[in-house]
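Everything quoted here is computed from the prediction, not taken from an experiment.
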Amino acid sequence: MSKKNVFAGQSTKALFAHLVYEELRKRGFVSNVDILCIYYHRDKSYYDLHTYNSDKAYKQLNKAFPEVIRALEEVEHGCVIDNGKTGKGKAFRYIGESNDPLAAERQVLRFSYQPFGQEQIEPNRELRGRILMYGEGLEVVEPLTLREQIREVIKRQMAQYTEE
């Protein structure tokens with residue numbers, strides 16, 4: 001990928017990139033409405049009565065969708081087709097040969113923290129929603145799937161609230 005990895009981070013845009021990519025890998029047509037229905041857990045008929053571009057998260061989806069398409073085109077030229085429609089009906093379909101062409105970009109490294117002694121550990125700090133860990137004992141364990149990443153974030157937040 002020529003630009004910054006769209007899958008990196010814990011932003012709404014990164015979440016949308018994962019959702020768009022997962023839906024495209026199913027090899028069916030995928031539109032902005034489909035992704036918003038998944039994100040908000042809504043029925044598709046909701047957008048018959050409401051405009052999809054007025055949703056709060058639409059702006060981030062509108063940035064992530066074309067970046068995922070661009071990344072797929074960089075890996076396999078001509079692997080994404082559109083249905084020729086515009087507006088709500090515009091959709092894209094992945095027709096490439098590979099089942100997971102962006103596997104390397106989607107891997108997020110998980111770090112485990114094993115302290116050597118309490119006096120050597122500096123407190124964890126939070127910076128704009130990202131947790132930074134200080135001290136010795138950081139090691140790369142394995143790549144995480146999106147579902148595992150979400151579970152890890154929820155566990156950390158639950159642990160933080162129970163400690164307070």
Side-chain angles (χ1 to χ4, degrees), residues 1-111 124-132 142-161:
M1 294 175 66
S2 61
K3 293 187 177 187
K4 182 182 170 190
N5 188 346
V6 69
F7 300 109
Q10 296 177 358
S11 65
T12 307
K13 181 179 171 183
L15 176 63
F16 277 132
H18 284 285
L19 288 174
V20 168
Y21 182 68
E22 284 299 320
E23 290 300 307
L24 285 171
R25 284 182 53 204
K26 294 177 184 175
R27 299 181 187 270
F29 280 102
V30 181
S31 67
N32 285 342
V33 173
D34 296 328
I35 301 302
L36 287 172
C37 287
I38 293 168
Y39 181 73
Y40 286 117
H41 304 287
R42 293 179 177 154
D43 189 44
K44 206 168 183 178
S45 62
Y46 174 86
Y47 291 104
D48 292 339
L49 303 172
H50 301 86
T51 58
Y52 67 98
N53 55 3
S54 64
D55 281 328
K56 292 179 182 177
Y58 173 74
K59 188 174 180 180
Q60 294 301 315
L61 172 60
N62 206 27
K63 292 177 187 176
F65 209 120
E67 285 189 32
V68 172
I69 301 292
R70 239 179 272 125
L72 284 168
E73 287 288 336
E74 285 179 12
V75 174
E76 286 184 65
H77 184 69
C79 68
V80 179
I81 59 170
D82 67 348
N83 62 355
K85 297 181 181 179
T86 59
K88 273 188 194 179
K90 186 173 185 174
F92 295 90
R93 181 178 182 185
Y94 174 68
I95 57 169
E97 293 179 14
S98 176
N99 288 330
D100 195 2
L102 300 178
E105 287 84 357
R106 292 186 67 217
Q107 289 183 346
V108 178
L109 299 178
R110 181 172 84 185
F111 294 96
N124 296 343
R125 301 186 189 242
E126 196 167 319
L127 178 64
R128 294 186 185 184
R130 296 189 178 123
I131 296 175
L132 305 174
E142 61 196 48
L144 290 176
T145 64
L146 178 61
R147 182 171 283 135
E148 289 171 334
Q149 291 175 43
I150 293 169
R151 285 184 184 146
E152 291 290 324
V153 169
I154 291 170
K155 283 180 188 176
R156 277 186 272 160
Q157 289 176 349
M158 292 299 291
Q160 179 184 359
Y161 290 119

Which heavy atom in [X] sits nearest to a heavy atom in [Y], and how many Å separate them?
| X | Y | answer |
| --- | --- | --- |
| E73 | G78 | OE1-N, 2.8 Å |
| A91 | F29 | CB-CB, 3.9 Å |
| L72 | P101 | CD2-CG, 3.4 Å |
| Y94 | L24 | CB-O, 3.3 Å |
| R93 | R27 | NE-O, 2.9 Å |

Next on the checklist: Taking the side chain as everything from C-beta on, heavy atoms only, tell me whether Q60 gets closer than 4.5 Å to S11.
Outcome noted: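 With C-beta onward as the side chain, the pair stays apart.
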Item to check | Verdict with reasoning, L61 to L19, per side-chain contact (heavy atoms from CB on, under 4.5 Å) | outcome: CA-CA 10 Å; L61 172 60; L19 288 174; over 6 Å; no
Next on the checklist: Nearest 0.5 angstrom please: K63 NZ to T12 OG1, how far?
Outcome noted: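 These two atoms lie 10.5 Å from each other.
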Item to check | Rounded distance [0.5 Å steps], CG in D43 versus OH in Y46 | outcome: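 Going from CG on D43 over to OH on Y46, the span is 12.0 Å.
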Item to check | R42 and D55: CA distance, side-chain angles, deciding distance, side-chain contact (heavy atoms from CB on, under 4.5 Å) verdict | outcome: CA-CA 12 Å; R42 293 179 177 154; D55 281 328; 3.3 Å; yes
Next on the checklist: Does D100 form a side-chain contact (heavy atoms from CB on, under 4.5 Å) with R25? I'd like the steps, not just the answer.
Outcome noted: CA-CA 7 Å; D100 195 2; R25 284 182 53 204; 3.9 Å; yes
Next on the checklist: Between Y21 and F7, is the ring centroid distance below 6.0 Å?
Outcome noted: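 Between F7 and Y21, which both carry aromatic rings, the centre distance is below 6.0 Å.
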Next on the checklist: Centroid separation under 6.0 Å, is that true for the rings of F65 and F16?
Outcome noted: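 That pair fails the under 6.0 Å test.
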Checklist entry - Using 4.0 Å as the upper bound for N to carboxylate O, is an ion pair formed by D34 and K26? => result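 Not counted as a salt bridge, because no side-chain N and carboxylate O are separated by less than 4.0 Å.
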Next on the checklist: Applying salt bridge (Lys or Arg N to Asp or Glu O under 4.0 Å) to R70 and E67, what does each step give before you reach the verdict?
Outcome noted: CA-CA 5 Å; R70 239 179 272 125; E67 285 189 32; 5.0 Å; no
Checklist entry - Is there a side-chain contact (heavy atoms from CB on, under 4.5 Å) between K44 and V33 once you walk through the steps? => result CA-CA 7 Å; K44 206 168 183 178; V33 173; 4.1 Å; yes
Checklist entry - Looking only at side chains, do Y47 and N32 share a donor and an acceptor under 3.5 Å apart? => result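 Side-chain D/A pair, Y47 to N32: absent.
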